[in-house]
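Just below is one structure, and these are the notes that go with it.
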Amino acid sequence: MGPHPAVAAIRLAVRRVLHDVLTDHTTGHEPLVLVACSGGADSMALASALAFEARKLPLRAGGITVDHGLQDGSATRAAEVAGRMTALGLAPAEAVTVTVGREGGPEAAARDARYAALDAAAERHGATAILLGHTRDDQAETVLLGLARGSGIRSLSGMAAVSGTSGRYRRPFLQLDRQTVRKACIAQELAVWDDPHNSDPAYTRSRLRHEGLPALEKALGKGVVEALARTAQLSRDDADALDTWAADAETAVRDEAGALECAKLHGLPPAVRRRVLRRAVIAEGAPAGSLFARHIEEVDRLITGWRGQGAINLPGRVEARRQGGRLVIRQG
């Protein structure tokens, strides 16, 4: 008798990603693949599937759990999760403690600290890839959050299946719903921990998960999550095409000294021009995560609505001003 259908589904998803990792891997030694495991259902199912599939492939499998230190007993819980990963056969199985700052709000700060710790762990252990347990439901929530922020088509594209430096981060479960993943944990009798933050209405994503999406499904019918995930993929395709166009256009709108010419920028389609401006601002030191659509719109008005206005102050102490028909962007 074969495995439970949910278990078979998660294993197949992980198997496909691991084959992609092996295809991309060019050095002679066996690559190390880590799973980022919080102890929740999504990541425990992922850890279990990684351990199972890795035994049949020429690669090593380990796991990292990040202790954010935001709840009582978090260090003990992180040690327990590391122990569960060891029991699954993952090595290394490591618990890492981070300090969460305040920039961007609690959710963004925790995310930044977590990814910094995962990047550091990958460098420390020489890992080729890190698997993340984001599901189709997480993707739908990400699309809605992007829509609410009004951040444009890139936000609507949600999370990429492959992202990070050299494609470090892989998300095998983006085509699987949260219910399937949870069923896989039950079928395998995996111990899971439900983070109380995931049901705390103080957090935006939690309110969206428990109030916003159910309300949408009630009003529009089932299939909202699937439709939003489909929107993410279509938006990603469009955003990638526009980014490529902007990268090609950027050279054409600069003069011989490399300065951006306002007249040439004005001739670009708005979606392409704003991408050129965003690239230029980030290149001068503005943090991408702190740069919102409203910032780029203000810079864009120096091109399309020039009335002699002064410099625009941007994140990272970067400023943009129009000077002699050129757009000058530099550290303030």
Side-chain angles (χ1 to χ4, degrees), residues 10 14 17-18 21 30-55 59-104 106-135 138 159 163-165 168-173 178 181-182 184-186 188-200 203 205-206:
I10 66 168
V14 170
V17 167
L18 293 182
V21 170
E30 290 187 347
L32 171 63
V33 177
L34 300 174
V35 57
C37 185
S38 67
D42 301 345
S43 59
M44 282 304 300
L46 183 57
S48 173
L50 171 61
F52 181 85
E53 294 297 331
R55 298 187 193 109
L59 55 80
R60 296 170 295 133
I64 302 292
T65 186
V66 178
D67 172 19
H68 299 84
L70 298 177
Q71 300 171 27
D72 292 338
S74 62
T76 301
R77 194 156 41 245
E80 290 173 352
V81 173
R84 289 175 194 167
M85 291 191 291
T86 298
L88 288 170
L90 298 176
E94 184 177 75
V96 179
T97 302
V98 299
T99 300
V100 177
R102 297 183 178 182
E103 188 174 350
E107 292 168 278
R111 183 178 61 249
D112 290 345
R114 180 167 60 253
Y115 277 101
L118 292 174
D119 282 333
E123 297 295 334
R124 187 166 60 253
H125 293 292
T128 299
I130 299 178
L131 306 188
L132 304 175
H134 298 119
T135 64
D138 295 310
M159 295 174 285
S163 64
T165 304
R168 170 176 290 163
Y169 292 106
R170 313 279 176 131
R171 296 177 173 86
F173 291 171
R178 192 173 287 141
V181 175
R182 189 166 285 275
C185 288
I186 294 171
Q188 298 173 96
E189 298 182 344
L190 293 173
V192 301
W193 171 66
D194 290 316
D195 186 346
H197 282 175
N198 289 337
S199 56
D200 187 343
Y203 294 94
R205 187 177 285 267
S206 174

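FYI, side chains are in, hydrogens and waters are out, and symmetry mates aren't considered; it's all heavy atoms of this structure. What you are looking at is a predicted structure, and each value in this text was computed from that prediction instead of being measured.
Counting only distance, with no hydrogens or angles, the side chain of Asp112 and the backbone of Ala109 share no donor-acceptor pair below 3.5 Å. Looking at Glu53, its side chain never comes within 3.5 Å of a backbone N or O of Ala49 through a donor-acceptor pair.
Here the straight-line distance linking atom CE of Met85 with atom CD of Glu80 works out to 12.0 Å at 0.5 Å rounding. A distance of 11.0 Å separates OG1 in Thr99 from NE2 in His68, rounded to the nearest 0.5 Å. Between the CG atom of Leu18 and the CZ atom of Arg170 there is a distance of 9.5 Å, given to the nearest 0.5 Å. The CD1 atom of Ile64 lies 12.0 Å from the CG atom of Leu131; values are rounded to the nearest 0.5 Å. The distance from the CZ atom of Arg114 to the CG atom of Leu132 is 9.0 Å, given to the nearest 0.5 Å. Note that CZ of Arg84 is 13.5 Å distant from CG of Leu90, once rounded to the nearest 0.5 Å.
Two residues are said to be in side-chain contact when any heavy atoms from C-beta on lie closer than 4.5 Å; Arg168 and Leu118 fail this criterion. The shortest side-chain heavy-atom distance between Val96 and Arg124 falls under the 4.5 Å cut-off. Using a 4.5 Å heavy-atom cutoff, the side chains of Val181 and Phe173 are in contact.
Across all their heavy atoms, Ala129 and Val21 have their closest contact at CB-CG2, 4.0 Å. The two residues Ala121 and Glu94 come nearest to each other via the heavy atoms CB-OE1, 4.4 Å. For Leu88 against Arg55, the heavy-atom pair with the smallest separation is O-NH2, 3.3 Å. Closest heavy-atom contact between Tyr169 and Tyr115: OH-O, 3.5 Å. Contact detail for Leu50 and Gly62: the closest heavy-atom pair is CD2-O, 3.8 Å. Minimum interatomic distance between Ala122 and Ile130 (heavy atoms only, all atoms of both residues): CB-CD1, 3.9 Å.
At most 12 heavy atoms of other shown residues, nucleotides or ligands fall within 6.0 angstrom of atom CZ in Arg182.
Looking at Arg77 and Thr65, their side chains never bring a donor and an acceptor atom within 3.5 Å of each other.
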Could you list the donor-acceptor pairs under 3.5 angstrom formed by side chains in residues 33-46, with sequence neighbours left out?
residue	atom	partner	partner atom	Å
Ser38	OG	Gly40	N	3.2
Ser38	OG	Ser43	OG	3.2
Ser43	OG	Ser38	N	3.0
Ser43	OG	Gly39	N	3.3
Ser43	OG	Gly40	O	3.4

